[in-house]
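Only one structure is covered here, and it is reproduced in the block below.
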Amino acid sequence: APVAAWLWLTDEILFSGYHLSGSNAVLLEDAVIILSVPRAGTTSFHRALALDKQRFVTPCMLDLYFPFCCIQTILKLLARNFPQTLHTVEQFLKRCHNITEEVDARHPVQLLGADADDILLGEWHWVSTGSVRTFPVPEYYLKHYRLCGTEARSLLLHQRFCQKLVHCDGGRRHLLLRSHLSPCSWQFQQLYPGAQFVGIARNPRDVWPS
């Protein structure tokens, strides 16, 4: 927590312009948000849209794990100039998280690959769809960590993160998000008033074996 606080303070000093105003705010509000449950085809659809880099800016896994402009700037500079070094780091992290070749083939995991925003809340607030798996007693998770108990705080983090993303990487591009936080759709409408929502449905009989 102290390190995270220090990094956030560094952003407030060096990247204070992320507190948006003017045209950047419009680009943030007019986001495109893909909503669905996991294993419904959202990853492929999201990454296909993200290929249009002239129109969209979207968070990659590196952004979601390290929601600090100062860290992102350093790591993306490293990726441009020493790509093999970042690849080595990526492979090391995959081994640490037991991401096998079979898992990686089913859901490609890349530090610079577009990914879902619930990774942000899962890593920093423990309130994403995958967080419950780390709790041997589900009742404890539901009592202390479920999203509805920390909703305002978590959504503020979500908004601040998106503001930083548009400010640091966006240019004149619109925000593109993929989210498994479907229960928060009405809050997203308040945070991003002009957002367009894309819903993807898949037969549960196909989701389960996937």
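Please read all numbers here as calculations on a predicted model, not as lab measurements.
Residues passing the salt bridge (charged side-chain N to carboxylate O under 4.0 Å, His left out) test with D115 are R47, R178, sequence neighbours excluded. Listed by chain and residue number, D104 satisfy the side chain to side chain donor-acceptor pair (under 3.5 Å) test with K94 (two or more places apart in sequence, or in another chain). Under the rule for a side chain to side chain donor-acceptor pair (under 3.5 Å), Y65 has no partner lying at least two apart in sequence or in another chain. Legend: residues meeting side-chain contact (heavy atoms from CB on, under 4.5 Å) with Q196, ordered by chain and number and at least two apart, are absent.
Contact record, A114 with H46: CB-CE1, 3.5 Å, taken as the closest heavy-atom pair. The two residues A4 and F68 come nearest to each other via the heavy atoms O-CE2, 3.6 Å.
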Quiz prompt | Derivation and outcome, side-chain contact (heavy atoms from CB on, under 4.5 Å), residues Q54 and R173 | solution = CA-CA 6 Å; Q54 292 186 334; R173 297 177 293 167; 5.8 Å; no
Quiz prompt | Pair L157-L120, side-chain contact (heavy atoms from CB on, under 4.5 Å): steps then yes or no | solution = CA-CA 9 Å; L157 172 65; L120 171 74; 4.3 Å; yes
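Between Y18 atom OH and K164 atom NZ the span is 5.0 Å, to the nearest 0.5 Å. T10 contributes atom OG1, which lies 10.0 Å from atom CD of E12 (distance to the nearest 0.5 angstrom). In this structure, CG in L112 is found 5.0 Å from SG in C60, a value given to the nearest 0.5 Å. Distance check, rounded to the nearest 0.5 Å: CG of L49 to OG1 of T42 gives 11.5 Å. Note that the CD atom of Q159 and the OH atom of Y192 stand 5.5 Å from one another [nearest 0.5 Å]. The SG atom of C69 sits 11.0 Å away from the CG atom of L7 when rounded to the nearest 0.5 Å.
In terms of hydrophobic clustering, with Ile, Leu, Val, Met, Phe, Trp and Tyr side chains grouped at heavy-atom distances under 4.5 Å, L62 and L64 are assigned to a common cluster. Clustering ILVMFWY residues whenever any of their side-chain heavy atoms sit less than 4.5 angstrom apart, transitively, puts V57 in the very cluster that holds L191. Note on I74: it does not cluster hydrophobically with I13, by side-chain heavy-atom contacts below 4.5 Å among ILVMFWY residues. Under the 4.5 Å side-chain heavy-atom criterion for Ile, Leu, Val, Met, Phe, Trp and Tyr, L175 and L51 are members of distinct hydrophobic clusters. In the hydrophobic clustering of this structure, L165 groups with I33; members are Ile, Leu, Val, Met, Phe, Trp, Tyr whose side-chain heavy atoms approach within less than 4.5 Å, directly or through other members.
Sorted by first and then second residue, the salt bridge (charged side-chain N to carboxylate O under 4.0 Å, His left out) pairs involving residues 55-73 (not counting sequence neighbours) are D52-R55, D63-K76.
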Mind listing the side-chain donor-acceptor pairs of residues 80-92 below 3.5 Å, one per line with the distance, residues two or more places apart or on another chain?
residue: N81; atom: ND2; partner: L77; partner atom: O; Å: 2.8
residue: T88; atom: OG1; partner: Q84; partner atom: O; Å: 3.0
residue: E90; atom: OE1; partner: L111; partner atom: N; Å: 2.9

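The only member of L177, I200, D117 that meets side-chain contact (heavy atoms from CB on, under 4.5 Å) when paired with I34 is I200.
Proximity of a side-chain donor or acceptor of T58 to a complementary backbone N or O of L176 within less than 3.5 Å is detected.
The local environment of CZ in F66 is sparse, with at most 12 non-hydrogen atoms from other residues, nucleotides or ligands closer than 6.0 Å.
Using the six-membered ring where Trp is involved, H158 and F188 have ring planes that are tilted, between 30° and 60° apart.
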